[in-house]
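These notes are about the structure you will find just below.
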Amino acid sequence: MRRLLPLIGTPGSHPGGRSALTCRFRCGDACFHEVPNTSDNAYVGDVIAGAIGRRSMMRAAAVVTVATATGAVVVGTGAQDAQAAQGVEGGAAARTGHTVDKAARGLRFSPVAPNTADAVTVPGGYGQNVVIRWGEPILRGAPAFDPEHQTAQAQAGQFGYNNDFLALLPLPGERGRQLLVANHEYTDEVLMFRGYDPANPTREQVEVAWAAHGLSAVVVEEDRRTGRLTAVTRHALNRRVTATTEFRLTGPAAGSDLLKTSADPTGRKVLGTLNNCSGGTTPWGTTLHGEENFNQYFANASRDTDKRYGLGTGATERKWERFDKRFDVAQEPNESHRFGYVVEFDPYDPSSTPRKHTALGRFKHEAATVRLTDDGRPVVYTGDDERFDYFYKFVGSKRMRHGSSRSVREHNLSLLDEGTLYVARLTGDSPAADIDGSGKLPADGEFDGSGEWIPLATATARGAVSHVDGMTAEEVLVFTRLAGDKIGATKMDRPEDIQPSPHTGKVYVVLTNNTNRGKAGSAGADEANPRNANKHGHILELTERRGRAEATTFGWSLFLVAGDPADPATYFAGFPKDKVSPISCPDNVAFDPHGNLWISTDGNQLGSHDGLLGVATKGERRGELKQFLTVPTGAETCGPIIQDRRVLVAVQHPGEIDGASVEKPASNWPDGPGKIVRPAVVSVWRTDGCDIGV
């Protein structure tokens, strides 16, 4: 087994492989605060522990970690990591005889080696280009990006910072064009502004950051000759949504006393959206965006409900409360209650007001993915990205209508305001004594069990009903975490993206990591979360009863247990572990046209950069996992989109390494030495014009 190169600048003391800089600016040092969930609900690790099973142990002796097959292509910023560019000699194919053409359809490429190149590295035979960068103008009148003279007015017309979730939507009548929608999760002020003083930000810097948050919609155009994808600036559909854009609060909690502020005594209007992480697209042509670590923007909190949501008692990292009292909980106690929702955005109507759907609950939404019941009602899956928190499902009560008239679109925009919100409770089928936190298989040789969706609240046109004793419906939907505590939901290891397969209907729940599992005072392993000190994460596969999206019960099993394949505690759906790529900290996921699940990583703990991997979910090659690309120094892979002939990823926070700044950059990506580091969207395609991975 080849030793991986060290991850430069990433201290091992920070959970999940993140730098201290990432912890400060993305989630407000959430991993260093007391875990918000102090309930005694079952821990999913306790439910899962031991489920890794006999199959993993039988193959342990044969495990060889896959480093790469030769032929990776590194495109980036000049001086590159030679080892990463050339690949590790021999690679998996040479050792095992496992050739590209034998792989699952859609995964027939030479896997990229784990590496630390300051570049986006892709397989041989593939090309790439930067589609759009932070600061590029997309609205009419917006100036060219000038990092030395940034203004809020300019940024409000330019592509935002730290792109995360991506959606590509069709543009009928515009051949070769699509509409790209991107989240802008958070800002790295020390990497944005020369001479930035964290203790004394200026008003201009704060207002630029407000404008750099939110969403972007921008039309993109394909060059059919080369495969390049480029932004169409100043198109009529291009749009920016920022931290000061007006939103509508909708659903049963809208208008509640819990949501009223001095600026909005109606409790129905709110300015902006914050910390949008992953999201989803709807069958009716809108996009959904999850407000995640909103807690970090609010200062001087003191209530128990604030503590459960991770709000701090003192000043915030960015000091926004100095410039707008709504970020000071002591002055505006309800403003924080207006964040932490699923946002719905209509990219085809530049004049539309985005909505925050209270019926889907308030917590740290990582994503929101949709499928329809057989009779056309929406079902939305979403996770609460916190150690020991829960994952949820919303089942709508109204059917989607087809068509493009204004009345049809308005009806469909109300679909997520009526229905029932559920939280998951999982049960393992092995004795507790079989689950010891090591990943050792239980006696039945499987990590699996059953589960149920527990109703929290039901919203109708006439009002809402709580299913949680001692809480009103409004309280359930504003303090959803507390409702999950009371109902006995299962504590999970940071539930992130949740994706139903369009091919099989099975639902995949991504659990990124939880290094606190098994520590003193914290829950231990269970059959659904089988490893203590879980630094690599895992993925559950749910099968809804009778394959029905609206079912209230399900079966579950471990699909993938991440880490070095040489570790006996890892598992790849039964596929031989000497023929898979290593993976750590799965995060966002997406399906390709062949039914393979593509996994982006965040905080790789195996010593290499984060990347994008594809895994077969069905057939004889189920569990075959192959790395498709890696991202630059300090970056995270986000927002994967897998089309027939194109893969898109959002390269988020490149250069986000401890001690880095504009003056002392840790990365030269994407524009090379002497240029400011910029988050960007990257497109990858086959240079021969054929489909991805076939």
Audit row: F165, H289, ring-ring contact (aromatic ring centres under 6.0 Å, His included) steps and yes/no: CA-CA 8 Å; F165 169 73; H289 309 268; 5.7 Å; yes

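Applying the side chain to side chain donor-acceptor pair (under 3.5 Å) rule to Q499 yields no partners; only residues at least two apart in sequence or on another chain are considered. Checked against ring-ring contact (aromatic ring centres under 6.0 Å, His included), F628 has the following partners two or more places apart in sequence or in another chain: F109, Y126, W598. Under the ring-ring contact (aromatic ring centres under 6.0 Å, His included) criterion, Y508 pairs with F559, F591, sequence neighbours left out. Considering only residues two or more places apart in sequence or on other chains, W685 meets the ring-ring contact (aromatic ring centres under 6.0 Å, His included) condition with none of them. Under the salt bridge (Lys or Arg N to Asp or Glu O under 4.0 Å) criterion, D610 pairs with no residue at all, not counting sequence neighbours. In this view, T543 and K506 satisfy the side chain to side chain donor-acceptor pair (under 3.5 Å) rule, not counting sequence neighbours.
Partner of L613 under the side chain to side chain contact (heavy atoms under 4.5 Å, CB included) criterion, out of P586, P111, S581: S581 alone.
Interatomic distance, NE2 of H536 versus CD of Q605, reported as 6.5 Å (0.5 Å rounding).
For W453 and Y392, the ring centers sit 6.0 Å or farther from each other.
Side-chain contact annotation: T273 with E291, donor-acceptor N/O pair under 3.5 Å present. Side-chain atoms of H365 and T382 include a donor-acceptor pair closer than 3.5 Å.
In this structure, T369 contributes its side chain and I498 its backbone to a donor-acceptor pair below 3.5 Å.
Ring orientation note: the planes of Y186 and H653 are tilted relative to one another, at an angle of 30° to 60°.
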